[in-house]
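Here is the structure we will look at, set down as C-alpha cells.
Each chain gets a letter, A, B and so on, in the order the sequences are listed, and its residues count up from 1.
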Amino acid sequence: MQYSPSAIDQAAKKIWSDKDIYKVENDISKPKHYVLEMFPYPSGAGLHVGHPLGYVASDIYARFKRMKGFNVLHPMGFDSFGLPAEQYAIETGKDPRDTTKENIATYKKQFDKIGLSFDWSREVVTSSPEYYKWTQWLFIEMFNSIYCYENQRAYSVNVLIKHFEEHGNHNNTAFTTNTVNAFSAEEWKNYSEKEKSDILMNYRLIYTSMGEVNWCEALGTVLANDEVINGRSERGNHPVVKKKMRQWSLRMTAYADRLLQGLEEVEFSNSLKDQQRNWIGKSMGATVTFPLSPSKGRGVPRHATANPAAASILYENAKENRKNATEAEKKLWNEIRNRKLEYKFRRQHPIDNYIADFICLEQKLIIEVDGGYHTQTKEYDDARTAVLNELGYRVIRFTNEEVINDIENVLSKLKREFSAPTTLLPKGEGPGLRVFTTRPDTIFGATFMVMAPEHAMVSEIVTDEYKTKVNEYIAYCKSKSDIDRQAEKEVSGQYTGAYAIHPFTGKLLPIYIAEYVLMGYGTGAIMAVPAEDERDRKFAEKFGIEIVEIFDKTGIDKTEIGDKQGILKNSDFINGLNWKDGFDKVIERMEYDEIGERKTQFRLRDANFSRQRYWGEPIPILWKDEIPIPLDPSQLPLLNPDVDSFLPSKDGQAPNARNEKWVHEIEGYTREVDTMPAFAGSSWYFLRYMDPQNDAEFVSKDLVNYWGQVDLYQGGSEHAVGHLLYARYFNHFLYDRGYISHKEPFKRLINQGMIQGVSAIVYRLVVSGAGKKGCHPIEESDYPEIFISHDVILEVEKRNIEKKYTKFWAEIENQKIVKFTFGYNDVLLSSEEDEEFSCFLVSLFKEFKFDYHLFGIDIEPNFDTNIKSNNLKIDFFKNFVRTELKNIDEFSNLLNIRDFKESRDAYKNAYFIYNSSQEFLVGREVEKMSKSKYNVVNPDDVIAKYGADCFRMYEMFLGPIEQSKPWNTAGIEGVSKFLKRFWNLYFDENGNSKLTKNEATVDELKVLHRTIDKLAKDIENFSFNTCVSALMIALNELNAQKTTSEAILIPLLKSICPFAPHTAETIWSQLGNTNSIIVEEFPSVDEKYLVDDTIEYPVSINGKMRAKVSLAADANEAVAKESALSNETVLKWLEGKEVKKFIFVKGRMINVVI
RNA sequence: ACCUUGGUGGUGGAAUUGGUAGACACGCAGGACUUAAAAUCCUGUGGGCAGUAAUGUCCGUGCGGGUUCAAGUCCCGCCCGAGGUACCA
C-alpha cells in the first residue's frame, strides 16, 4: 500500500468499526479510568477547529490509559438545549427538535472523522426526553429539599415540615437568607396551605422569588445579557429595561462554604481554584448602619432616644433595672429577645426622661409590665403614656399574671399590634444607611458615603435642590451595563444633598450616588475611605472631599507598602493598633452600640433557574391557587409542548404559554410555563454516562460506585465559574441525598486554551441624537446603516488623547467641524491636519442631504447656519458588526462590498466611507471562535487535505494545550511531512515492509527508550506539543541511523498510536497483524538506556556561557574544577584575574566567578 | 473596573522549573535533482559590530527597577492581548 492519508483513514476506521473497538463494558474487575470532555453545544455551524484541541488531547490520554491496561470510560454527548437553536427557530420557524438532531448528526460525523475514541452507545443528549426526564426529576428533588446549616448538608423538606409541626420554627436550622416570622407548632398547624407553601419557599433548594430580567418591550421578550449592548437590544437596537418577574432560583448560597472547602480535595489548577474562590467571594467584615441626617441640622441614631440632658443617668438606671428584672420581665424577655417575634426588642431603654420596660423601635411599640420592681401610681403611668404617645409611641400594658400564666396570649396580642399601621419616621431618624465593609478598622477614615444609583433609598434622601441632577445621573447609569459602569475610567457621581452621620464621631458625611457602586454587591452602599481605597480616593479627589489618613506607614519599606499595613492613627479608640486589632475592636464596639455586627458575606448569589424560553426542560410544576405543586415523578418526562410560534405569548409570558390546552391540561391546575436554563442538563450529565439507558434510576448505585469521579475532566477555562460551580453544586446535593457516593464530581481538571478565531470587524457609524444635555436615542431604522473603513477609524483614534473613548460630539460651523468633544475632554482640531477628516464628515452629511429631522435635530437644514449649540453624538468604536470571513480577503483585509451587502437585508442600502485610496478595510480581532462571531474555521477541509492524524498531531503541535492562540495553518506542512516520512520508515516505495530482524544498536535503543520515556511523562502532564517534537526528533535520528530493526520500530509504532491511531493501525495491519494495535500494550521504558557515561558541561564565566568540558557522569567537583580551569577558553578569561568562587552543579553546569 | 491568564526570532513554539535562550517545525535564502514546475533532499537562518574565513565580541525573552555566583523563570511597579463578570455555551 502506498502512503495516502485518506486511504489510511478509511482502512483504520474499517478495522475499528468491524471490531466495535470503542465499546466500553462495565467490567468491574479492571481498574477504571474516567476521561471526560466538557459537554459541547451542537452549534449550527458544526464543529470548528477550536473544539478538537481538547478532544484530541483527552483522546490521546484515553487511548494511552487504555494501552496501559485501564478500563477507560471516554464518552461524548450533547448539551443541546439553548438559545442559538431557539433563535434559529424564531427566525426560520423550524422546530428546534429537528435542527438540533441535524446538528448533532453533523457533529458526530465530524468527531468520527477526527478518530475520537467515543463509545456512542453511551451518548447522552440533554434535549432528549429520556434524559430530561431525570433533569426534571432532579428539579423536583431539589424543590423537595432544604439545607441544614448546622449539619452542613441537605435533607428532605419533610424533615423541616416535621420540625414545624413539633416546634414551630424555634431552633430551625434550615438555611435561608430571608427573615421569617416566628411561629409556633400550633400556628403552623392552623396556617392555610398557601401560608405553609410560602413559608417553606424560604428554605427549598429550588424556590420562587422576584428577580430582575432584561426586558425588551419592542421584541416582547426577555434577553440574555449577551444580547444587550449599551442598554439596547443587539437585534434591532431597541431599548431594554430591567424588569422584575417571578423566577425560579437555585439556593446555591447554602452551599457556598461547601463549594469552597471542596476545592481542597480536587486537582484543579491554582488559577482555576482562585477564580472559583473569588467568585464565591467569602469575606469577613461587618455591616454598619449610618444614621441619616436631615438636609439641615443633625439627626441622631434611632436608638438614642433619651433626653440628652438626662441620658447618662437614665442609661445607668436602665442598666441597674436590667440586672434586677422581675420574674415576669425575664419570662417575657425570653420570648421576645433575639427577634423571636421578627422585630427587635430592647429592654429597659431610656426614652425622653423615662425608661421603657421593653421597646421595639422599628414598630415604635412599648411594652410595660405592671406590678414589677417599679410600682408607680396610675396617674404617673397615664402621664407618661401621654408623653410617649406624643412622641409617636404606642404603649401596650400587661400585668405580671398575664405574662406568667398566659404568655401565649400575650405574644399573640403583641403580634396583632405589629400589624397596626405605624407612622412613617421623619428624615434622619429612619432606618439609616446600611453598608457592608471588609475593613471596619478604617471607619474613622470614612469621609463620605456612596450609594448605588438604583438604591431604593435614594429617592427618600435626595433633597429638592438635587432632585433633577440625581435623576439625570440615574438615567445615565440606567443606560449602562454593570460591566460598563465598572469599566468606566472617568470617575463620575452625583451628590444627593443628604448626609449620613458617622456613628462614632458624629461628623456629617455627604452621600453621593455613583456608578462604581453596584446594587448587586453587599448592601448597595459603601462607606468611602479615600485614604485606603483607590476608587474612593479618586472620587474624593474629583469632588474635593476630605481625605483622612488613618495609617501611619512610616518605617515601612516603600516597595512593600500596600493594604493592611501600618499603625492606625486619627482613629479615636483604635489609635495605635494594627489593622487586625482595630478591626476586632471596632466590631466589638459596634455590636455593643448596636449599630453594626460582624458579618461573613458571600459574593455568590443564588442562581436564576427560570428562562422565559421554549427550548429548555419544561419545569415540572403545577400551580393551584398560587401554590406550586411538583408533578409526581411517574408523570415524567413532561414534554415540550407544540407551539404555533417560538415567540413569547402576547402578554409576554414564555412561549409554552401559547399552548393553552397544554397549560390547562390538568383540571384545576395551571402549568408552569418557564423552562430551565441550559446549565440544568449539563450539571449532572457526567453521571448519566455511567448508566445511560437506565429507565428506573438516573444512575444505578453499583455503576456510580464503580466509575465514581471523573478522573480527568478536560475543558475550556471559560467554564471556570459557571458550569464547574453548578456541576459541583449538583453533585454535592446528590451526595447529600444519598444518591451517589462522592462529593466532588471531578478529581482532576485540565483547562484547554481556546483556538481563537480572527473575526472580521466592520465598523459602523451611529448617529444618535442631538442637544447639549444628553442625547435622545433614535431607532436604528430611522436612518440607513453607515460603515467606515477601519483605517479611517484608526486615523480618528490616533488624534484622540484618550485611547478608548466611545463618543464624540462634533460642533459644526460653516460646513466645517470646529470642535470635537471626546467624552469629557474637549479636543480642538488644528484645521490643517484635520481638514481631511472634517471634509469627510461634512461630505458624509451631504451624502445624507443632512436631513436634521432624520437625526432628531430640530433646525434649519442649511449648512451656513450657525448650529454650534446643537451637537451630534456619533458613536464609533463600540459600534461594529462582524461579517463572515468569506466576505473579506484574508490577506489584505479588504471587504467585498457586494457580498457584504448581500449578507443581510439591513445592509442592502448601506453607505460606506472609504479611505483615501477608495478602499474599504475591515478590522481584525482575535476572539473566541463562535458561530455568532462569524469567525469559525471548519476542520473537515483540513482533514480532507491532510488526513485525520495530521490534523490531530498538528493541533497538538500548535503549543501547550492550556494556552489560547488564533488558528493558523502555517506549520501544518511540517506535520504532514513527518507522517509521510514515518510511513516511509516502515515501507519502501513499492509498499513493501522494510522491517528486519537485525539486532538493535545501543544508539537506536537509546533513541527509542528516551522517546518512550518522554512520551509517557508528557502525556501524563498533558504536554502534547513536546510529544510531537519528541517523535519528530526520534524519526530524524532513526532515519540518520537507517534503522530497520523490528526491535525498535514495533515499540515505536505502538508509542505513536495514541497520537496517530489511523497511521499506526494501518501500518500494523499492513505488517500482517490481525488484532488492533489499540488493544496492544504501551511499550515500557528500560531505564538503562536513559543514562549517559559522559556529560558535556557548560562552563560559565560570571554566569555567561563561554566554554564546554566533557566529564564522566560521576565526576566530582575537584575533577570538574581541574578540568574547567585548564580549559583554553577559560584560561583566556582568567588572565590576570583570580577565581573568587567556583560553582559546580552536578550533571548541570559549572560557573567560574572572577 | 475586578478576578484569571499570557507576552521569547519573520511565525507556532522549546528550555529538565533558578543553571548552555531559541529544541522541533513553518517561513525565507542558497544549492542538488528536473527541459520546467511540483515533490524530495542538502546547507544556512535572533540582531549589531569586527574579520576573506574559521571565529571573536556586544546586545537580546513586553517595559522599568531589584534579589542571586547565575533570571525567560523569583520579587516590586507599569504596558499590551485573551477568558470570565452570573440569561452565549
Might you list the N or O atoms of the protein lying below 3.5 Å from N or O atoms in nucleotides 68-72 of chain B, with each pair's distance?
from	atom 1	to	atom 2	distance (Å)
B:C69	O2'	A:N1151	ND2	3.4
B:C69	O2	A:N1151	ND2	2.5

Aromatic contact, [X] with [Y] (centres under 6.0 Å):
X: A:F1144; Y: A:Y1097; result: yes
X: A:Y713; Y: A:F268; result: no
X: A:W615; Y: A:F81; result: yes
X: A:F957; Y: A:F1024; result: no

What interatomic distance, in whole Å, is found between [atom1] of [M] and the corresponding atom of [N]?
N: B:A23; M: B:G13; atom1: P; value: 15 Å
N: B:A54; M: B:C33; atom1: C1'; value: 31 Å
N: B:C49; M: B:G10; atom1: P; value: 16 Å

What does [N] pair with, Watson-Crick or G-U, if both distances are under 3.5 Å?
N: B:U5; answer: B:G81
N: B:A15; answer: none
N: B:G72; answer: none
N: B:C87; answer: none

Problem - Nearest-nucleotide 5' precedence on RNA chain B, A:K1104 against A:I1033 - result: A:I1033
Completion exercise
Taking for A:E1096 and for A:E962 the nucleotide of RNA chain B with the nearest heavy atom, the one nearer the 5' end belongs to A:E962
Handout entry: Any donor-acceptor N/O pair, A:K273 side chain to A:L263 backbone, under 3.5 Å
Key = yes
Exercise for the section: With heavy atoms under 4.0 Å as the rule, sort A:W615 into base, sugar-phosphate or nothing. Expected result: nothing
Exercise for the section: Only pairs at least two apart or in different chains count here, so list each salt bridge (charged side-chain N to carboxylate O under 4.0 Å, His left out) that has a residue in residues 950-960 of chain A. Expected result: A:D59-A:R952
Practice task
Check the pair A:S682, A:H723 against side chain to side chain contact (heavy atoms under 4.5 Å, CB included), reporting the backbone distance first and the verdict last.
Solution key: CA-CA 8 Å; A:S682 62; A:H723 162 66; 4.2 Å; yes
Handout entry: Integer-rounded Å distance: B:G18 C1' and A:I1150 CD1
Key = 18 Å
Fill in the blank from the handout: Nearest heavy-atom approach of A:T221 to A:P648 is CB-CG, 3.5 Å
Completion exercise
For A:K282, the side-chain hydrogen bond (donor to acceptor under 3.5 Å, both in side chains) test, sequence neighbours excluded, returns A:D257
Handout entry: A:L272/A:V721 under side chain to side chain contact (heavy atoms under 4.5 Å, CB included): CA gap, chis, key distance, verdict
Key = CA-CA 8 Å; A:L272 194 127; A:V721 289; over 6 Å; no
Between the protein and nucleotides 11-15 of chain B, which nitrogen or oxygen pairs are less than 3.5 angstrom apart?
from	atom 1	to	atom 2	distance (Å)
B:G12	O2'	A:L958	O	2.6
B:G13	O5'	A:L958	O	3.1
B:G13	O3'	A:N1025	ND2	3.2
B:A14	OP1	A:N1025	ND2	2.7

Problem - Phosphate OP1/OP2 of B:C41 contacted by A:N1039 side-chain N/O (<4.0 Å) - result: no
Problem - Under-4.0 Å side-chain N/O to phosphate OP1/OP2 contact, A:K1146 with B:G19 - result: no
Exercise for the section: Using a strict 4.0 Å threshold on nitrogen-to-oxygen distance, state whether A:D1013 and A:K1006 make a salt bridge. Expected result: no
Exercise for the section: Would you classify B:U17 as syn or anti? Syn applies when the glycosidic angle is within 90° of 0. Expected result: syn
Problem - Qualifying residues under salt bridge (charged side-chain N to carboxylate O under 4.0 Å, His left out), relative to A:E86, sequence neighbours excluded - result: none
Completion exercise
Heavy-atom contacts, protein to nucleotides 84-89 of chain B, under 4.0 Å, summarised as B (base), S (sugar-phosphate only) or - (none) per nt, yield SBBBBB
